[in-house]
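Below is one structure, written out as structure tokens, with a few remarks after it.
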Amino acid sequence: MDSSGTDWKLLATIPYEIARVRWNPDGTHLAFTTSAHGRGLDQSLVVFDLRSATTTVIHAGAEIGDFGWSPDSNSIVFVSPFGEDPHRTDVTAAMLARADGSGEARQIGPDKGHILTSTFAADGMSVVLTGRPDTRAGNAQAMMARIAGDGYEPLTTTFDRSVRILRVGPAGSSTLMIGARDGGWVRAFEGGTDGRPVKHLGENPGFDILELSGPSNDGRYAATVRTPEVFGDIAILDTSRAEWSLLGIGAETEPANPLFKPMPRTWQLRGGGPVHGWIIRDIASGTRCPLLVDLHGGPHQAWSGAVDEAFLYQQELVRQGWAVVLINPRGSEGYGETFSRGVFGAWGVHDGEEVLQIIELLVGEGDIDPEKIAVSGYSYGGFLANVLTTRDQRFIAAAAGGSMCDLADLVRTSSDGHYMAQSEFGGYPADIPQKYADMSPITCVDSVITPTLVFHGGNDSTVSQAHRWFNALTSRGVRAELTIIPEADHEFIFTGTPSQRNAVNTLLVEWFGKHSPPHPTNERSQA
């Protein structure tokens, strides 16, 4: 299709699901990945020649991740599992292949690490990677590997943050633009293939960076962002002045009801350092309100101060009189590698204790009704919610989405099980069975009395964990409800259809409403 949107034509009919489409630099070829019916573990990297309307399979095998073209269009670098059995490995590597399909793809960079993204440097003689040279949990680094050589060169070893986004600077430049979570927000940093120290670009602009473009000719970058006021906007970064400007795109679709802005908080805990987070509440309310403790996924994710359409239920519950606390406990990203690795081999242990301490502090401030505290979370957050209900019986309700209850079974059945066993748990269940039992809430399910909503995507590979937790609760007389979202995978709360995401937001509002009926506190809340 041309840029006006008026002239388009069908290029080819591919009998598989297509993903990650990339133009080559001169616009004569397209590269994309395919997987049979979008379900299989095996994928192919395919190049389509627009001139001859022919396709060439460049690589076929296990799942193929991020990839990019060389500046001369002769080669493609991509990420794929690496080893004798790519379906059962905790190693991913960058692979280099000829764009015409000749020869075998060869590994480049670390061969025993966990590579996340890959792209060519501006000179075309090297590739830049994000990931780790090992399979430990911790900060993702930026690395560079020469096309004509062996090994790799770390670029961000002194940067104590995890590299989430990496963009190559203008042609002829050694600059790298980095997006990394820092204290909750994803912010912009500048580094280089020349080994220069990474530096932050300007003050914290008060928004979350979701994606960065490549550079314009004059060194500017565009970014999609979320702010505390709008769900999506475009921001422009002028690197010469280290200044951001928002275009105000998101303001054109103002929500029907005003949004409640998350307010930053820091709690000083016993036996540890400060823990950062956010509280969302109606500041006009003068009465004690019920509290929802909402737990993020990961565990190496983090809440920011930006609104997110995946969590609209937070806004609606606040409108109905609740307060919502968003905590970034130990294990969260954005506070350094030591903090992030604080849950290694101890999922739910130290971070669970920090969450319980913060609940006590909030109750002590007098604004929270101590008889109306609920807990929820998705993915790792759902797992942590399950853990907390085994430890504390104060919660009036819980909601566990996409959650886990038996980590040994998770390792045996999940497509990421081998990686998690090594990077998160410190070994396989057969080697450290007691550690797995101690971390798994299923071991202590007899302690649970909290009414629990369990929800999961029907196409999620871990859906058996939902059934097991629900059955364990109901067989012990605990009030529980199970909702399976049809055709939904693990990421559906972010990438699912609008109807799927709306179903979950509605489900959560109704579930917590049963346990603390709405009490709007002012006219704005009732609007």
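Computed from a predicted structure; not experimentally measured.
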Exercise. Side chain to side chain contact (heavy atoms under 4.5 Å, CB included) between Gln465 and Phe383: does it pass, once the steps are laid out?
Worked result: CA-CA 10 Å; Gln465 298 272 319; Phe383 161 82; over 6 Å; no
Exercise. Do Arg288 and Asp367 pass the salt bridge (Lys or Arg N to Asp or Glu O under 4.0 Å) test, and can you show the C-alpha distance, the side-chain angles, and the key distance before you say yes or no?
Worked result: CA-CA 5 Å; Arg288 292 194 304 178; Asp367 296 327; over 6 Å; no
Problem set entry | Trp278 vs Trp185, ring pair (Phe, Tyr, Trp, His ring centres under 6.0 Å): CA-CA, chis, key distance, verdict | CA-CA 12 Å; Trp278 315 83; Trp185 302 102; 5.5 Å; yes
Exercise. Would His456 and Thr462 satisfy side-chain hydrogen bond (donor to acceptor under 3.5 Å, both in side chains), going step by step from the backbone distance to the final call?
Worked result: CA-CA 9 Å; His456 223 93; Thr462 63; 2.9 Å; yes
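Here the side chain of Trp469 pairs no donor or acceptor atom with the backbone of Asp406 at under 3.5 angstrom. For Thr130 (side chain) and Thr117 (main-chain N/O), a donor-acceptor pair under 3.5 Å exists by modelled atom type. Using modelled atom types, one side-chain atom of Gln500 and one backbone atom of Thr497 make a donor-acceptor pair closer than 3.5 Å. Although no hydrogens or angles enter the test, the distance criterion places a donor-acceptor pair under 3.5 Å between the side chain of Asp233 and the main chain of Gly248. Side chain of Ser340 to backbone of Gly336: no donor-acceptor contact under 3.5 angstrom is found. At least one donor-acceptor pair under 3.5 Å links the side chain of Thr443 to the backbone N or O of Ala437. Of the possible donor and acceptor atoms, none in the side chain of Asp460 sits under 3.5 Å from a partner among the backbone N and O of Asp489. Put simply, the side chain of Ser376 never gets that close to the backbone of Ala398: no donor and acceptor are under 3.5 Å apart. Between the side chain of Thr156 and the backbone N or O of Phe159 there is no donor-acceptor pair closer than 3.5 Å. Put simply, the side chain of Thr450 never gets that close to the backbone of Thr452: no donor and acceptor are under 3.5 Å apart.
Using modelled atom types, one finds a donor on one side chain and an acceptor on the other under 3.5 Å when comparing Ser379 with His490. Between Trp511 and Glu481, the side chains place no donor N or O within less than 3.5 Å of an acceptor N or O (distance only, hydrogens not considered). A donor-acceptor pair shorter than 3.5 Å cannot be found between the side chains of Ser118 and Asp66.
Looking at Arg319 and Asp282, no side-chain N of the basic residue comes within less than 4.0 Å of a carboxylate O on the acidic one, giving no salt bridge. Salt bridge annotation for Arg265-Glu365: present, with a cationic side-chain nitrogen under 4.0 angstrom from a carboxylate oxygen. A salt bridge links Arg161 with Asp182: at least one charged nitrogen is closer than 4.0 Å to a carboxylate oxygen. For Glu354 and Arg270, the salt-bridge test fails: no basic side-chain N is under 4.0 Å from an acidic carboxylate O.
Taking the side chain as every heavy atom from C-beta outward, Glu333 and Arg164 approach each other to under 4.5 Å.
Under the salt bridge (charged side-chain N to carboxylate O under 4.0 Å, His left out) criterion, Asp392 pairs with Arg394, sequence neighbours left out.
Shortest non-hydrogen contact noted between Leu482 and His467 is CD2-ND1, 3.6 Å. Scanning all heavy atoms of the two residues, the minimum distance from Phe339 to Pro329 falls at CE2-O, 3.2 Å.
Checking each of Leu259, Leu292, Ile280 against Val318 for a side-chain contact (heavy atoms from CB on, under 4.5 Å) leaves exactly one that passes, namely Ile280.
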Donor-acceptor pairs under 3.5 angstrom involving side-chain atoms of residues 301-309: please list them, not counting sequence neighbours.
unit_1	atom_1	unit_2	atom_2	d
Trp303	NE1	Asp294	O	3.2
Ser304	OG	Asp208	OD2	2.9
Ser304	OG	Ala306	N	3.2
Asp308	OD1	Ala310	N	2.9
Asp308	OD2	Arg226	NH2	3.3

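Stacking of Arg341 on the aromatic ring of Phe344 is recorded, both the 6.0 Å distance cut-off and the 45° axial limit being met.
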